[in-house]
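First the proteins, then the strands, lettered A, B, ... as listed; each starts at 1.
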Amino acid sequence: MSEILQDIQRKLVFPIDFVGQRTTHKIVNGALFVGSIAACLVGFFTQSVGNLLYCFLAAYFTCLLAVLPSYSKYNKNRPEWVHPKIGN
Amino acid sequence: MSKPINVYCSADLRQTLDEALPGVFSRLGYVQSFKLIDTKLIIGYSIAVVAGVSFYLDKILEYSESLTYQKILVGLYAALSGLFWYFNKYIEKNVKYTGINKSKSIQVAATLEQYTLDYKLKIRDNEGHVVETTLPANKVFTEQGYLQTDLLYKWFENQLNDLTKKRN
Amino acid sequence: MNIRLELTRFLNVCFALASAFMFWKGLSIVTNSHSPIVVVLSGSMEPAFQRGDILFLWNRNEYSKVGDIVVYEVDGKDIPIVHRVLREHKNENSGKQLLLTKGDNNAGNDIPLYAKKKIYLQKDKDIVGTVKGYIPMLGYATIWISENKYAKFALMGFIGLSALLTNE
Amino acid sequence: MFSLTQRFQQTSNQAITCASVVSIFIIATFWAQLYHNNVFSLSSQIANVKPQINLRTSRFYGSVNGKPKENLRIAFDLDADLTPLFNWNTKQVFVYLTGSYNDTKSSSISSEVTFWDKIITEKADAHVILKNVKSKYAIWDAKDKISEKDLDIKLHWNIQPWVGTLVYGETTGETLMTTPAYKKN
């Protein structure tokens, strides 16, 4: 059971490099911050909690779209790792 | 060797390196001192025991019957958690290894920040000499996620030579 | 095998479970209610509360007021009920208070729901807490889990596994 | 952020943090609007309160062991404009008419009962005008008699928000009513 789950977990990794990780972190923080403020403004001026919720969800899903896939631009700065000695 | 890790996960890198330290230093002739680790484990497990007792009392007693005990246990839990936090922050201070080689003792503190691969080390001996250095994790890991212990050993050997040079 | 390493890893699992449980216990002591956060299970308070809404309770008030939304438990039934206080009769000499409740969406009062022969609830015995705050919808997951036994096991397994697999 | 699940978790965590800050914003503006509209001093007119008492023997009308219980119903007029209670975080307003009274023998025994209530979900319906309406509930006391008591009748309201704390308040303009002695017909 746990082996299967571990296997699934390993397949779902889609890694990105360290520079990419820092970029996505910044994107998430920035986009959600801006999105929250926009949602508050839209919601307040239309006087509708529903609009606020839609706005906020839009920001959230945009974020997911921007950071979830391992786009190749997040993988341009892969460091050089050690090459294992043959016969090891 | 054990399971491969994902080399792009900073937490995995740090944990694997932390756990490799005792092996490297024992090859260098050091005997590990477990004082800090044991203290930490004792505090940690007393927290777990307090929570366990609280959970058990919650199962066997009615809410109103167990209330007094629960108040004490929650207080104890808060106090111990505070102690644990204090210990991590002001006493352990990221010290990952303490060891003695004859008359020399050595303390290794290490951190690896999120989203980086730089393992930052502070090696201190009993005479107060300190070496601050950085080990880029890509110098000791393969892309597949295996730690090359030999490379790690050699790297530490060089660092300790630096420390010895400083002393003389 | 390194016993300290295993102990440290196991401790992290313990911490994950212990902190969640002790937070709950701490909250229940502060609010003086044995379940300070409840999820609405029935539609009897619609449109105020729908199934899946999360309610925050407070039970340090000595008496309830008419119009308060209270959560109460009836002897022999293990599902707490969220309804509104329709009337109250209090005796400040004895500190006792009798309450009659009704669901906003129900036609009649709650007498048919009370234990046999009772036509009132007692504030000090039956009331779990008064509703103070509210978050819509988020509790729907817990309804799904409690009404689907496989989901419960899956969740427990998932929590345990993710605690074992993640290093942070 | 190295793996798909981590990125998902991190984004969701961050979103939850932001959502709680946004909720605080909603709650704060909600309260500010309530105070701005002076909702805690709204007035209501309650008039023409006519009590009527009869005897019931059902458990659902307060009777214990088949002993008859005095039940009270009233008819009343009501005019209250609750429009200011509606703002962007108001999901519904629950408005209820209560009577409070003390026990005739001991002043430390007191009661409050609900005669009538209504759920308002639309701002357009928030101006309540009622003429000679019968109370929704039959009232009895915890003891035997509801007759010959002085009831203080008041209109209360309770806002259920979309998110945040419940808000309670009462309107000014209370009326006194004395219930008659019960007469057998």
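No hydrogens or angles considered: a donor-acceptor pair under 3.5 Å links the side chains of D/Asn48 and D/Asp77. Using modelled atom types and a 3.5 Å distance limit, the side chains of D/Trp31 and D/Thr165 yield a donor-acceptor pair.
A salt bridge links D/Lys143 and D/Asp103; the closest N-O separation between the charged side-chain nitrogens and carboxylate oxygens is under 4.0 Å.
Residue contact with chain A, scored on non-hydrogen atoms closer than 4.5 Å, involves the backbone and the side chain of D/Ser12 alike. The contact between D/Phe8 and chain A is made by backbone and side chain atoms together, counting heavy-atom distances below 4.5 Å. A/Tyr74 does not touch chain D: none of its heavy atoms, backbone or side chain, sits under 4.5 Å away. Contact annotation for A/Ser48: only backbone heavy atoms (N, CA, C, O) come within less than 4.5 Å of a heavy atom of chain D.
A donor-acceptor pair under 3.5 Å links the side-chain atoms of A/Gln47 to the main chain of A/Phe44, judged by distance alone.
Atom NZ of D/Lys118 has 12 or fewer neighbouring heavy atoms from other residues, nucleotides or ligands inside a 6.0 Å radius.
With respect to chain D, the highest number of heavy-atom pairs below 4.5 Å among A/Cys63, A/Gly43, A/Ser70, A/Ala39 belongs to A/Gly43. Of the residues considered (A/Asp17, A/Ile27, A/Ile37, A/Leu64), A/Leu64 shows the highest number of contacts with chain D, using heavy-atom pairs under 4.5 Å.
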